[in-house]
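Report on one structure; see the data block that follows.
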Amino acid sequence: MLEGDLLLFGCLNDFESKLGSRWSLAGPETRVSALLEELSERAPGLDSVINTPFFKVAVNNKVEPLDWVLSDGDTVALLPPVTGG
Amino acid sequence: MVFEQGNCVAVTQQMLDVAAAYTSVRDYECDRGDLGAVVVFVGLVREFDNSLADGRLQILRLQHYPELTEASIHAIVEQARSRWQLGGVLVQHRVGDLVPTDEIVVVVVGARHRAEAFDAARFLMDQLKTRVMLWKQVLNADESKWVAFKQSDADAAGAW
């Protein structure tokens, strides 16, 4: 079992009650994409955000591709399309 | 205001001082005597917001990802420098709770000629809209909504 802190930003704050502040994966698949699938099952509607072209994931404060392999203790941040400026 | 290799980048909860931002870029270049143009862009909080039922915003809340926000601004500033010959460049962005007429963002670009300064300032704003880790939420007494990403912003950033 892998687990770590989960950070939510922007509109994804609305999913905090369903997702909490920790992630976990039982394996054997431990890529970011597998985590996103697991989170989407727990939070209906999340997939509409993570399937947008500008959605990104940061692992330990660095944006990584969806096939990035997670390690135990990683901090995962879900970053919806930005709206600053 | 501190410049490192010609760049001054800040993400802050403090009010932005547009006059001081302009002066700092002007003075940064003064010693070199090669500054011919300074473009200043200021983004403001609008009171009217169509996403709210009554159309009136009381607070604009800006969330950011502290570990990545300034780094992502530095990245687009460096990209601007690779495209144009620039003097001092300043990008300051507010976070936290803002009210109508507050300055959200200030971009100041110094260059030898106006074309580079105008183009680089517009480039920086277009890229900032799609690449910097900031998220807006509009609030009034009755409701709160996260601001939706605009395809027009993506189109503007992609056109460069």
Side-chain angles (χ1 to χ4, degrees), chain A residues 3-23 32 35-36 39-40 42-85, chain B residues 11 41-46 49 51 60-73 75-76 91-96 98 103-107 121-138 144-158:
Chain A
E3 57 185 6
D5 288 334
L6 178 68
L7 305 179
L8 303 172
F9 290 92
C11 61
L12 296 181
N13 283 285
D14 294 343
F15 293 90
E16 190 175 6
S17 61
K18 291 190 171 66
L19 298 178
S21 58
R22 298 278 292 173
W23 65 269
V32 166
L35 175 61
L36 295 179
L39 296 175
S40 295
R42 282 199 280 136
L46 181 67
D47 56 347
S48 68
V49 179
I50 66 179
N51 289 328
T52 53
F54 288 86
F55 172 79
K56 293 183 174 67
V57 174
V59 180
N60 301 327
N61 300 328
K62 186 166 181 282
V63 175
E64 301 290 3
L66 299 187
D67 61 355
W68 185 263
V69 176
L70 293 166
S71 300
D72 192 43
D74 281 349
T75 296
V76 175
L78 306 187
L79 311 169
V82 299
T83 55
Chain B
V11 177
F41 171 83
V42 182
L44 302 174
V45 179
R46 282 191 305 266
D49 190 297
S51 68
L60 179 69
R61 183 164 292 161
L62 271 147
Q63 186 189 23
H64 74 131
Y65 186 176
E67 289 81 359
L68 286 182
T69 320
E70 288 195 9
S72 53
I73 296 174
I76 62 174
V91 179
Q92 294 179 332
H93 206 295
R94 284 280 303 275
V95 291
L98 287 69
E103 290 88 4
I104 305 173
V105 59
V106 177
V107 172
R122 185 166 188 149
F123 172 86
L124 288 168
M125 275 308 303
D126 286 348
Q127 300 303 316
L128 192 147
K129 284 275 190 181
T130 56
R131 291 170 52 188
V132 176
M133 300 298 171
L134 293 150
W135 297 272
K136 285 180 185 150
Q137 187 180 28
V138 292
S144 67
K145 287 188 174 174
W146 291 97
V147 172
F149 178 79
K150 295 187 184 77
Q151 185 57 44
S152 57
D153 289 336
D155 293 342

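A note on names: the letters A, B, ... follow the listed sequences, proteins ahead of strands, and every chain is numbered from 1.
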Write down the atom of Gly85(A), the atom of Ile104(B), and the distance for their closest heavy-atom approach.
O-CG2, 3.8 Å
Between Phe54(A) and chain B, which part of the residue has a heavy atom less than 4.5 Å away: side chain, backbone, both or neither?
side chain
Can you find a pair of side-chain heavy atoms, one from Asn13(A) and one from Trp146(B), that are under 4.5 Å apart?
yes
For Ala148(B), is it the side chain, the backbone, both, or neither that has a heavy atom closer than 4.5 Å to a heavy atom of chain A?
backbone
With Val82(A), the side chain to side chain contact (heavy atoms under 4.5 Å, CB included) member among Lys136(B), Arg131(B), Lys129(B), Met133(B)
Met133(B)
When you look at CZ of Arg42(A), are more than 12 heavy atoms from neighbouring residues, nucleotides or ligands closer to it than 6.0 Å?
yes
Pairwise distance NZ(Lys145(B)) to CG(Asp14(A)) - rounded to 0.5 angstrom
11.5 Å
Applying a strict 4.5 Å limit to non-hydrogen atoms, the region of Gln137(B) in contact with chain A is neither
Turns out that what part of Trp135(B) lies under 4.5 Å from chain A's heavy atoms comes down to both
Contact origin within Pro53(A) toward chain B - heavy atom pairs under 4.5 Å
neither
Trp23(A), CH2: over 12 other non-hydrogen atoms inside 6.0 angstrom:
yes
With rounding to the nearest 0.5 Å, note down the distance linking CG in Leu7(A) to OH in Tyr65(B).
5.5 Å
Answer key: most heavy-atom pairs under 4.5 Å with chain A among Leu62(B), Val147(B), Asp153(B) is Val147(B)
Distance-minimising heavy-atom pair for Leu68(B) and Val63(A):
CD1-CG2, 4.1 Å
